[in-house]
Amino acid sequence: MPEEAGFPPAKRFRPGCGPPGGRVVMLLTAGGGGCGGRRQQSAQAQPAASPYPEAVERQRRSLPIFPARGQLLAQLRNLDSAVLIGETGSGKTTQLPQYLYEGGIGRQGVIAVTQPRRVAAISLATRVSDEKRTELGKLVGYTVRFDDVTSEDTRIKFLTDGMLLREAISDSLLRKYSCVVLDEAHERTVHTDVLFGVVKAAQKRRKELGKLPLKVIVMSATMDVDLFSQYFNGAPVLYLEGRQHPIQVFYTKEPQQDYLHAALVSVFQIHQEAPASQDILVFLTGQEEIEAMSKTCRDIAKHLPDGCPSMLILPLYASLPYAQQLRVFQGAPKGCRKVIISTNIAETSITIAGIKYVVDTGMVKAKKYNPDSGLEVLAVQRVSKTQAWQRTGRAGREDSGICYRLYTEDEFEKFEKMTVPEIQRCNLASVLLQLLAMRVPDVLTFDFMSKPSPDHIRAALAQLDLLGALEHKDDQLSLTPVGRKMAAFPLEPRFAKTILLSPKFHCTEEILTIVSLLSVDSVLYNPPSRRDEVQAVRKKFVSSEGDHITLLNIYRTFRSLGGNKDWCRDNFVNSKNMTLVAEVRAQLRDICLKMSMPMVSSRGDVESVRRCLAHSLFMSAAELQPDGSYVTTDTRQPVAIHPSSVLFHCRPACVVYTELLHTSKCYMRGLCVVDADWLYEAAPDYFRRKLRAARD
DNA sequence: GAGCACTGC
């Protein structure tokens, strides 16, 4: 046990174990109420396909959910809505859809199972179609962006929650579905949260119209499901035990001033005491921290006493190139310990086998949104209790585990109970555009499970209004024809508007490229250790007109060379993201063609591209002040050019930006040099109002 | 003058 951090004796617990509150039906399971299930295998860790049907069947029958099958189906058959708590490894996600189908619920319509992430939707569909011994895309299929593997025969369909939401735009009653299972509901992504409201409304409306009832099942891995139950008219809560292994939790005796130092000490204490085969997972907040800690660990590991096992230090964060991310899944050489130093990506998105120890700093970098200023603040903050438990649970996936919390138990008690749902801390413009496209009667009173504040909603409506998407008629809010077209694009409303404006400036081809580049993770790869090299190589693409034009140059060169991977490596371009850009671009171009938009190119004329950006991003502009600083044109907020911008060392008189980010300062990211006159031309009324407001 | 948690359509 690390002594310097001062850990008192451990507390034993099972994540998710304990009596659930509220109206709960305990379902009969094999584990039978005690802690520490009898079986050692885990549902998700099983190999996907088995050539032997009996083996597949035996495996299915061995899952904790199996003994509850009859009871579960009997309950669900009679319910409109239900909440199902299933612990990790209970088998709920793979088995429940099959039970529903076998119970005849898929006979009159498709069973939809939503997932927050693409990879989960794809791998679950693959797994379940294997279990049913059918070809993927027949009985069992999946739909995610760019990839629809379903057919007329499909009865069980896994899809991302965002995808079901998009389907709801063309059919808000979700007519093709007999049942919607909302999985991972505890994560409370914006898409899941909007879907709660959409399925609830569809369920009610279908009942009123005497149509096929819509069954809604909300699945959560955590206990705090009262909100779900209340929201769905007091839906019963069904509780299913899982196969999580016991985990010992240690808190520090004293609060830690320096969580990085405490993490470092803990890692090496564990390293000196535990067998080399037991891996460690450390949660930190961001790339810079993780790289620095990795380097320090490697340096220290070189000077360890004889007899101490060696250490394989693996950083893990989303912007790390894919090949390097994959290294965390490979086993360490014999006699060597894996130490994975990760962001919260390892909390939910990436599951690593063989983790025995979790070191939780209790910190996370997360975005907050201020609707008044439209400002996103990215700040290091405390995790919530549910997040801390999620991290702890990562230690007990295959066997019992140990979690060191680098904070005191008193501190933990003061953590927020739950992470604030994303819908209350993001820009709502996209969400409201989608709801309006579904012809929701009144977005201001829409039945959100956790309501965003009225100011928050009004700010988003104001933004949509500026983009020309809204129509007010007899106190009713609806979409203009432009607004309706905007909703067809899988983009932020302002970028959809940029595309719709582009024919006027004869630069649709260029704008499609730029918008695609903006809507995926950066194609620029910036390894901190090779900064000078990166700068030298990138020079040939840099445009004095800003980041958008620079990106356009990079994409053009990439295409002219036929999408060459070697070129990407040599030019510090992330080839995976670049390939994705091409896919996004093709999808957006398709949507344009369906709208009969003319496909025009401005050829070499980048001024028209900049004019187009000025006309759609006029509300995100900043002007140079006499003292060399910048202020935004809308709220006179002092801002600075982000160091990642190609204009970082320049002083253009007027720019539009694609993002404001508050870290140590308020930074503009993604800049384009524009003419102040263009902005005024784009929205004369808006700027006249601003001028008047400034005078008063 | 110096920096970017994580998804998704």
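Because the structure is a prediction, the values reported are computed rather than measured. Throughout, a chain's letter reflects where its sequence line sits, starting with A, and its residues are numbered from 1.
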Item to complete: Establish, from distance only, whether the side-chain atoms of T192(A) and T189(A) form a donor-acceptor pair under 3.5 Å.
Response: yes
Discussion item. In whole Å, I'd like the distance from the CZ atom of F572(A) to the C1' atom of dC4(B).
Written reply: 18 Å
Practice prompt. Find the distance R188(A):CZ to dT7(B):P and express it as a whole number of Å.
Written response: 20 Å
Worksheet item: Which one, dA5(B), dG8(B), dC4(B), comes nearest to the side chain of R118(A)?
Response: dG8(B)
Fill in: Gap between atoms CG and C1', on L518(A) and dC9(B) respectively (whole Å)
16 Å
Worksheet item: Closest to the R117(A) side chain: dC6(B), dA2(B), dG8(B)?
Response: dG8(B)
Worksheet item: Quick one: which of dA5(B), dG8(B), dC4(B) gets closest to the side chain of L661(A)?
Response: dC4(B)
Discussion item. Under 4.0 Å, heavy atoms only, any strand: does I345(A) hit a base, just the sugar-phosphate, or nothing?
Written reply: sugar-phosphate
Item to complete: Measure from the side chain of P490(A), starting at C-beta and using heavy atoms only, and say which of dC9(B), dC4(B), dA5(B) lies closest.
Response: dC9(B)
Worksheet item: Can you check the H642(A) NE2 to dG1(B) P distance for me, whole Å?
Response: 17 Å
Fill in: Results of ring-ring contact (aromatic ring centres under 6.0 Å, His included) for H191(A) - residues two or more places apart only
none
Worksheet, complete the sentence: With the side chain defined as heavy atoms from C-beta on, K365(A) is closest, among dA5(B), dC9(B), dG1(B), to dA5(B)
Discussion item. Could you check whether the side chain of R669(A) and the base of dG3(B) have a donor-acceptor pair of N or O atoms closer than 3.5 Å, going by distance alone?
Written reply: no
Discussion item. Tell me whether the rings of Y407(A) and F412(A) are parallel (<30°), tilted (30 to 60°) or perpendicular (>60°).
Written reply: parallel
Worksheet item: Hey, does the Lys NZ or Arg CZ of R394(A) hover above the aromatic six-ring of W389(A), less than 6.0 Å from the centre and inside 45° of the axis?
Response: no
Fill in: Residue closer to the 5' end of DNA chain B, V119(A) versus N526(A) (nearest nucleotide)
N526(A)
Discussion item. Is there a side-chain contact between S644(A) and the phosphate of dC4(B), meaning an N or O under 4.0 Å from OP1 or OP2?
Written reply: no
Worksheet item: Which of the following nucleotides, dC6(B), dG1(B), dG8(B), is nearest to the side chain of A318(A)?
Response: dC6(B)
Fill in: Residue-phosphate contact under 4.0 Å: R651(A) side-chain N/O, dG1(B) OP1/OP2
no
Worksheet, complete the sentence: Whole-Å distance, L165(A) CG to dT7(B) C1', equals 14 Å
Discussion item. Whole angstroms only, please: what is the CD-C1' distance between E184(A) and dC6(B)?
Written reply: 15 Å
Worksheet item: Could you give the CG-to-P distance, from L491(A) to dT7(B), as a whole number of Å?
Response: 19 Å
Worksheet item: Y259(A) and E289(A): side-chain donor and acceptor closer than 3.5 Å?
Response: yes
Discussion item. Tell me whether the rings of F228(A) and F196(A) are parallel (<30°), tilted (30 to 60°) or perpendicular (>60°).
Written reply: tilted
Discussion item. Looking at Y667(A), I'd like to know whether one of its side-chain N or O atoms comes within less than 4.0 Å of OP1 or OP2 on dG3(B).
Written reply: yes
Worksheet item: Should S519(A) be listed as having a side-chain N or O under 4.0 Å from OP1 or OP2 of dC9(B)?
Response: no
Item to complete: Report the nucleotide, chosen from dG3(B), dC9(B), dA5(B), that has the shortest atom-to-atom distance to any side-chain atom of R531(A).
Response: dG3(B)
Worksheet item: Separation of I290(A) atom CD1 from dG3(B) atom P, in whole Å?
Response: 18 Å
